[in-house]
Amino acid sequence: MGRRSDAREKMLLSAVALFRRHGIDGTAIGEVIADADAPRGSIYHHFPGGKAQLAEEATRMAGAAVTAAVAHQLAADGPEATLTFLIDTFRKELLDSDFTSGCPIGAAALEGGGTPAARAAAGESFAMWESMVAAALWQRGLALERAEALATTVIAALEGAIMLSKAQRSTRALDRIEAGLPALVPDML
C-alpha cells in the first residue's frame with residue numbers, strides 16, 4: 001500500500017514541477033510518468049480522471065504547500081518578512097531554473113481553461129493567501145477594508161512579478177515589488 005501512495009505522490013510532485021516549467025497545457029502525461037519514473041498504467045490507476053484530475057490535485061497540493069508556508073511565516077515573522085520570504089523563494093526558483101520555472105498556481109490560473117477544476121483550485125489558493133495576508137494586516141491595526149485591498153495588491157503584484165520575471169528573464173520585477181510594496185503601508189508592516 002505504501003508503494004502505491006509513493007507512486008501517486010511522486011506523480012503529483014512531478015506534475016507540480018513540470019507545470020511550473022511548462023504550464024499545464026505544455027506538459028504531457030507521458031512527461032509526468034517519465035519524470036516520476038512511474039509505470040505507464042499507474043497514472044490512470046491513481047488519476048482515473050486523467051490529466052484534468054492530475055492538474056487539479058497537483059494545483060491543490062502546491063496551493064496547500066504555499067498556504068502552509070505563508071501561514072507559518074506570517075505567524076512567526078509578520079507580513080513584511082513573509083513578502084520577503086516569498087519573493088526570495090520565487091527569485092531563487094527563477095534563477096535556478098534559468099527563468100523557466102514559476103508559480104504552479106499561476107500556471108493553473110492562466111492555463112486552466114481545459115482543466116476548470118485546476119483553475120478553481122488556483123482561485124481558492126489565491127483567495128486563501130489574500131485572506132491570510134489581510135488578517136495579518138488587520139491584526140496589526142489596518143482597517144479591514146484597507147487590509148483586504150492591500151492583500152489583493154500584494155498577491156497580484158507577486159504573481160505578476162513572477163510572470164514578468166519569466167518573460168523578461170530578469171528578477172527586476174520581483175526586486176521592485178520587494179522595495180515598493182512595504183511603502184504602501186508605512187509603519188504597519
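- Expressed to the nearest 0.5 Å, how far NZ of Lys51 lies from CD1 of Ile29 amounts to 6.5 Å.
- Between the Ser131 side chain and the Ala127 main chain, no donor and acceptor come within less than 3.5 Å of each other.
- Here the side chain of Lys166 pairs no donor or acceptor atom with the backbone of Phe99 at under 3.5 angstrom.
- Hydrophobic cluster membership for Leu144: Trp138 (Ile, Leu, Val, Met, Phe, Trp, Tyr linked by side-chain heavy atoms under 4.5 Å, directly or transitively).
- Atom CG of Asp96 has more than 12 neighbouring heavy atoms from other residues, nucleotides or ligands inside a 6.0 Å radius.
- Remark: the backbone N or O of Cys103 is not paired with any side-chain donor or acceptor of Arg20 at under 3.5 angstrom.
- With respect to the salt-bridge test (charged N to carboxylate O, under 4.0 angstrom), the residues Asp98 and Arg169 qualify.
- Between Ile162 and Leu158 the shortest side-chain heavy-atom distance falls below 4.5 Å.
- The cluster map of Ile, Leu, Val, Met, Phe, Trp and Tyr, joined by side-chain heavy atoms under 4.5 Å apart, puts Phe126 and Ile177 in the same cluster.
- Between atom CD1 of residue Ile155 and atom CD1 of residue Ile105 there is a gap of 11.5 Å, rounded to the nearest 0.5 Å.
- Ser170 places no side-chain N or O within donor-acceptor distance of the main-chain N or O of Ser165, the cut-off being under 3.5 Å.
- To the nearest 0.5 Å, the span separating CD on Gln73 from CE on Met132 amounts to 11.0 Å.
- Each of Thr89, Asp88, Ile87 was compared with Phe85 under the side chain to side chain contact (heavy atoms under 4.5 Å, CB included) criterion, and only Thr89 meets it.
- Environment of CE in Met128: sparse, with no more than 12 heavy atoms of neighbouring residues, nucleotides or ligands closer than 6.0 Å.
- Side-chain atoms of Met61 and Leu13, non-hydrogen and from C-beta on, do get closer than 4.5 Å to each other.
- Remark: the backbone N or O of Ala17 is not paired with any side-chain donor or acceptor of Arg21 at under 3.5 angstrom.
- Counting only heavy atoms from C-beta outward, the side chains of Leu74 and Pro79 approach each other to under 4.5 Å.
- Counting only residues at least two apart or in different chains, side-chain hydrogen bond (donor to acceptor under 3.5 Å, both in side chains) contacts with residues 171-183 comprise Arg91-Asp175, Arg91-Glu178, Gln168-Arg172, Thr171-Asp175.
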